[in-house]
Amino acid sequence: MDSDVRRYLDELVGRARAVLGDDLVGAYAAGSVGLGAYQPGRSDVDVALVVARPVAGPVKRALVDRLRHEALPCPARGLELVVYRRDVAGSGTPEPGFEVELNTGATMPFRATWDPADRPAADGRFWYALDRSILRQSGLALLGPPAADVFADPGPEDLRRLLVEALRWWLALPTPPGDAPAPGAEDAVLGACRALVRCRDGVWLGKVDAGRRLADDDPDGGLIRRSIAARRGGPPPAGPEARAFQQRVLERIAGTH
């Protein structure tokens, strides 16, 4: 693990314990850190906290105040933190189910969401169950029992539906027309690769690793390889070709082709 991220996570867990006390039963590094795919300067730090019981409003606000970037500077692009009750984390529910969510960082817009009902539908409600599935497989325990003992996968049909929803969300984002390189298109391509690998092979990989797994045998291998290169500073693919690839992956996962 990146040494700056390690120190940051140690401090984050200490602050969370100071606010939540004995109700904090686990803390887990998720996302790229958990998957061993963290890329300094590009990746976020994703953290899930697990608590024994519902978190009261004043405690939620105190936690956000102690962990937001202005109080604890994040060494990455930003922190994406979600707090779950243990019964929700282990339920396999496809619903968001969180107690509080915090996005904060030097280049990340601040947002604190106090209840799942406050989450705008346009921002996607599929992230959380997918993140918990990744945590079950690859979550790095910073405090508490192993992640596999705490988090549950959604059922197979729920998982497929959530992956389809995620791809449709990506496809709904505006894309520059024409053949010019479109910043962010590489993440759209590689995110679709990760969804396809999870659906096909039953394993979560980092975006680049998922792209590498598919590139040699996929008809769009050239596009995938260019997307991988873009993560290291090369030009991203054009928006229309990225969208076409996402659409093909969506059809494969949805079972229409």
Side-chain angles (χ1 to χ4, degrees), residues 30-44 46 77 80 94 122-138 153-154 156-257:
S32 60
V33 175
L35 289 166
Y38 179 80
Q39 186 176 346
R42 183 166 191 133
S43 298
D44 302 326
D46 298 275
R77 189 184 79 90
E80 295 186 349
D123 291 345
R125 296 172 61 83
F126 50 81
W127 303 105
Y128 307 92
L130 296 178
D131 287 346
R132 293 192 297 265
S133 179
I134 296 172
L135 279 158
R136 177 177 175 79
Q137 175 198 282
S138 299
D153 279 323
E157 288 308 310
D158 281 333
L159 179 65
R160 184 184 298 271
R161 176 177 57 80
L162 291 163
L163 290 171
V164 167
E165 287 180 12
L167 284 161
R168 286 175 175 159
W169 182 88
W170 277 98
L171 281 164
L173 296 177
T175 302
D179 296 329
E186 72 277 14
D187 284 330
V189 169
L190 297 176
C193 290
R194 179 162 66 181
L196 181 56
V197 168
R198 177 60 180 85
C199 189
R200 188 190 72 177
D201 300 344
V203 63
W204 289 107
L205 299 177
K207 290 178 180 176
V208 170
D209 288 338
R212 287 176 177 146
R213 177 171 289 206
L214 296 178
D216 288 342
D217 300 323
D218 195 281
D220 291 299
L223 170 64
I224 295 170
R225 283 187 282 271
R226 282 188 285 120
S227 297
I228 293 171
R231 297 274 295 190
R232 299 290 186 266
E241 61 179 340
R243 290 177 67 87
F245 177 76
Q246 289 173 283
Q247 184 64 44
R248 287 192 289 273
V249 170
L250 171 60
E251 291 168 356
R252 290 175 68 180
I253 291 177
T256 57
H257 284 72

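In this structure, the side chain of S227 engages the main chain of L223 through a donor-acceptor pair within 3.5 Å. A donor-acceptor contact shorter than 3.5 Å is absent between the side chain of R194 and the backbone of G206.
For the atom pair CG of D209 and CG of L214, the computed distance is 11.0 Å after rounding to the nearest 0.5 Å. Rounded to the nearest 0.5 angstrom, Y128 OH and L162 CG are separated by 12.5 Å. Atom-to-atom distance recorded for I228:CD1 and C193:SG is 7.0 Å, nearest 0.5 angstrom. Distance CZ/R252 to CG/L250: 12.0 Å, rounded to 0.5 Å.
Annotation for G211 and L190: closest pair CA-CD2, 4.1 Å, computed over non-hydrogen atoms. In terms of heavy atoms, A192 sits closest to Q246 at CB-CG, 4.3 Å. Considering all non-hydrogen atoms of both residues, Q39 and R231 come closest at NE2-O, 2.6 Å. Minimum heavy-atom separation, A230 to P236: CB-CA, 3.8 Å. Taking each heavy atom of D218 and D220 in turn, the nearest pair found is OD1-N, 2.8 Å. The nearest pair of heavy atoms linking D46 to G31 is OD2-CA, 3.8 Å.
The salt bridge (Lys or Arg N to Asp or Glu O under 4.0 Å) contacts involving residues 32-44 comprise R42-E186, R42-D187, D44-R77, where partners must be two or more places apart or lie in separate chains. Applying the side-chain hydrogen bond (donor to acceptor under 3.5 Å, both in side chains) test to every pair with at least one member in residues 167-178, sequence neighbours left out, gives these pairs: T175-R243.
For the pairing with L35, the side-chain contact (heavy atoms from CB on, under 4.5 Å) check across L205, I134, V208 returns one residue only, I134.
Checked for salt-bridge contact, D216 and R225 meet the test: a charged N lies under 4.0 Å from a carboxylate O. We find that R161 and E165 are joined by a salt bridge, their nearest charged nitrogen and carboxylate oxygen being less than 4.0 Å apart.
For the pair D131/E80, no side-chain contact is recorded, criterion being any heavy-atom separation below 4.5 Å from C-beta on. Contact check for L159 versus D153: no side-chain heavy atoms found under the 4.5 Å cut-off. R160 is listed as a side-chain neighbour of C199, based on a closest heavy-atom distance under 4.5 Å.
More than 12 heavy atoms of other residues, nucleotides or ligands sit less than 6.0 Å from atom CG of D201.
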